2 protein chains.
Amino acid sequence: MAVRPARGDETAMRVLDVAERLVQVRGFNGFSYADVAAELRITKAALHYHFASKGELGAALIERYCDRMAASLAALAATDRSAAARLRGYAALYRNTLREERLCLCGMLAAEYQTLPQAVQSGVIRFFTLNEAWLAEVLTDGAAAGEIQLAGSAQDAAVALVAGLEGAMLVTRPFNDMARFEAAAGPLLAGLTGTLVSAGD
Amino acid sequence: MAVRPARGDETAMRVLDVAERLVQVRGFNGFSYADVAAELRITKAALHYHFASKGELGAALIERYCDRMAASLAALAATDRSAAARLRGYAALYRNTLREERLCLCGMLAAEYQTLPQAVQSGVIRFFTLNEAWLAEVLTDGAAAGEIQLAGSAQDAAVALVAGLEGAMLVTRPFNDMARFEAAAGPLLAGLTGTLVSAGD
DNA sequence: GTCTATACAGCGATAGAC
DNA sequence: GTCTATCGCTGTATAGAC
């Protein structure tokens, strides 16, 4: 089974759905094939048919996650005209994930990074690089249009944004209180756009 | 064995040293009694004498970590006169941890939160609360002295600071490049103090 | 593509000797 | 306080029937 299962492979997709949620909630070292199999009412052996090893499953998870994120970013760029609106839309992706009591898949995997199979590690790197590249472009455009005030490079600001949002999810979930996320995420955008952004924007 | 071992219990302290590093590097679900025992050249059974269960070990880890953090914060408050200097000192605590390729103990545990024994979960909450209370006081004092510009409440700014620093560690370690940490952490302080803070300050 | 059955290592934890 | 020995369970992974 390839890292990227065929789009029509319904069982493989269901496996990815369940495993993705389990990683986002419990971590890569906090779930097992047995957990996925039980939820789908199939056997562990059937799982291994679709994803021979846990590392392969992890790599496929990131692959799909990156694809979907790239699609979300493309949609954001197509919808929102202003850089500030694109950034608010970007933050909303994190907010919506946290609302389901999940962390970002790759934020979770970043914590467990030192224990991950090599293919999963490089996927994590790819995800962050992808995000920062998109953000840096939005920030560069916004700065050129006078919408965004950059203190340093656009790339550095992109890194700071991703770090801030990942951190906001991380320290919010134990308290189960979205107000903490807003307190942590708000200043990230406010500092760039020079505006106060209220919760839910 | 109590959650807080006697200060003179040398073996227990060595166990905590090793376990702490293992959790910070690999996570609570990424290390085992066997790992600790092998490193200390004792048996798993001896470990269980000092910490009957893994949950008890985890609780003791946080207990000591909170004590040490409280001591560091008290030392910072005693040394640095300005609020900005205290905040820089606070950020340096995170930087120094990351330099050893470790995450914050409780940042790591926050990622794994949903899988942790209850006693460990409440310890994580306690750690963040402790940090935010200290930061909120520094920020309040700094605002009163005109050193700090707060857009919202001091408590919200404290939450944002902790989130930003935890996130900076999280997204830096996979890249093994401290420049990423500086890019992510710099704006956190700059936004409060109105100054650009260069790496290493 | 899914099953039963199983291999084999590792896990947290305990009993009891010293 | 540390040991040997072991328990019961779960982990990932595989073989081979259907």
Side-chain angles (χ1 to χ4, degrees), chain A residues 1-20 22-23 25-62 109 112 114-121, chain B residues 1-20 22-23 25-62 109 112 114-121:
Chain A
M1 179 62 58
V3 166
R4 192 198 295 264
R7 218 164 284 267
D9 189 335
E10 278 306 322
T11 301
M13 284 297 164
R14 265 187 295 237
V15 170
L16 290 175
D17 289 341
V18 172
E20 180 177 271
L22 286 171
V23 173
V25 172
R26 303 178 50 89
F28 193 77
N29 296 326
F31 88 103
S32 71
Y33 270 49
D35 296 328
V36 180
E39 192 159 333
L40 293 176
R41 297 169 178 277
I42 59 177
T43 60
K44 292 186 288 174
L47 272 188
H48 276 285
Y49 167 79
H50 294 282
F51 302 96
S53 73
K54 203 180 177 187
E56 207 168 287
L57 172 55
L61 280 176
I62 298 193
L109 293 174
E112 300 176 290
Q114 309 283 2
T115 71
L116 299 176
Q118 200 278 326
V120 182
Q121 287 186 333
Chain B
M1 181 61 57
V3 166
R4 190 198 297 265
R7 218 165 283 270
D9 190 336
E10 278 307 323
T11 303
M13 283 298 164
R14 264 187 297 237
V15 170
L16 290 175
D17 289 341
V18 172
E20 180 178 270
L22 286 171
V23 173
V25 172
R26 302 177 52 86
F28 193 78
N29 296 326
F31 88 104
S32 71
Y33 270 50
D35 296 328
V36 180
E39 192 159 334
L40 293 176
R41 296 171 178 278
I42 59 177
T43 60
K44 288 190 291 172
L47 271 189
H48 277 284
Y49 167 79
H50 293 283
F51 302 97
S53 73
K54 203 181 177 186
E56 207 167 286
L57 172 56
L61 280 176
I62 298 192
L109 293 174
E112 300 175 290
Q114 310 282 2
T115 71
L116 300 176
Q118 199 277 326
V120 182
Q121 287 186 333

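In this text, all values refer to a predicted model and were calculated from it rather than measured experimentally. The chains referred to below are lettered A, B, ... by the order of the sequence lines, with proteins before strands, and numbering in each begins at 1.
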What is the distance, to the nearest angstrom, from the [atom1] atom on [X] to the [atom2] atom on [N]?
| X | N | atom1 | atom2 | answer |
| --- | --- | --- | --- | --- |
| B:K54 | C:dG10 | NZ | P | 15 Å |
| A:Y49 | C:dT4 | OH | P | 18 Å |
| A:H48 | C:dT6 | NE2 | P | 17 Å |

DNA chain D: 5'-most and 3'-most nucleotides touching chain B, 4.0 angstrom heavy-atom criterion =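 The footprint of chain B covers D:dG1 to D:dT4.
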For DNA chain D, what residues of residues 30-41 of chain A have any heavy atom nearer than 4.0 Å?
->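 The answer is A:F31, A:S32, A:Y33, A:A34.
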If you compare all heavy atoms of [X] against all heavy atoms of [Y], which two are closest, and at what distance to 0.1 Å?
| X | Y | result |
| --- | --- | --- |
| A:A37 | A:K44 | CB-N, 3.8 Å |
| A:F51 | A:V15 | CE1-CG1, 3.6 Å |
| A:H50 | A:T11 | NE2-CG2, 3.4 Å |
| B:A19 | B:F31 | CB-CE1, 4.3 Å |

Under 3.5 Å, is there a donor-acceptor pair between the side chain of B:K54 and the main chain of B:F28?
-> yes
Check side-chain contact (heavy atoms from CB on, under 4.5 Å) between A:A59 and all other residues, then give those that pass, not counting sequence neighbours.
->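 Residues passing side-chain contact (heavy atoms from CB on, under 4.5 Å) with A:A59: A:V3, A:A119.
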Taking side-chain contact (heavy atoms from CB on, under 4.5 Å) as the test, write out the residues that go with A:T43, two or more places apart.
->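 side-chain contact (heavy atoms from CB on, under 4.5 Å) list for A:T43, sorted by chain: A:A45, A:A46.
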Verdict with supporting geometry, B:L57 and B:L16, side-chain contact (heavy atoms from CB on, under 4.5 Å) = CA-CA 8 Å; B:L57 172 56; B:L16 290 175; 3.8 Å; yes
Overall bend - the helix from C:dG1-D:dC18 to C:dC18-D:dG1, comparing terminal axes fitted on five pairs, nearest 10 degrees | 0°
side-chain hydrogen bond (donor to acceptor under 3.5 Å, both in side chains) involving B:E39 - partner list, sequence neighbours excluded = B:R21
Those residues that, when tested against A:S32, pass side-chain hydrogen bond (donor to acceptor under 3.5 Å, both in side chains) (two or more places apart) = A:D35
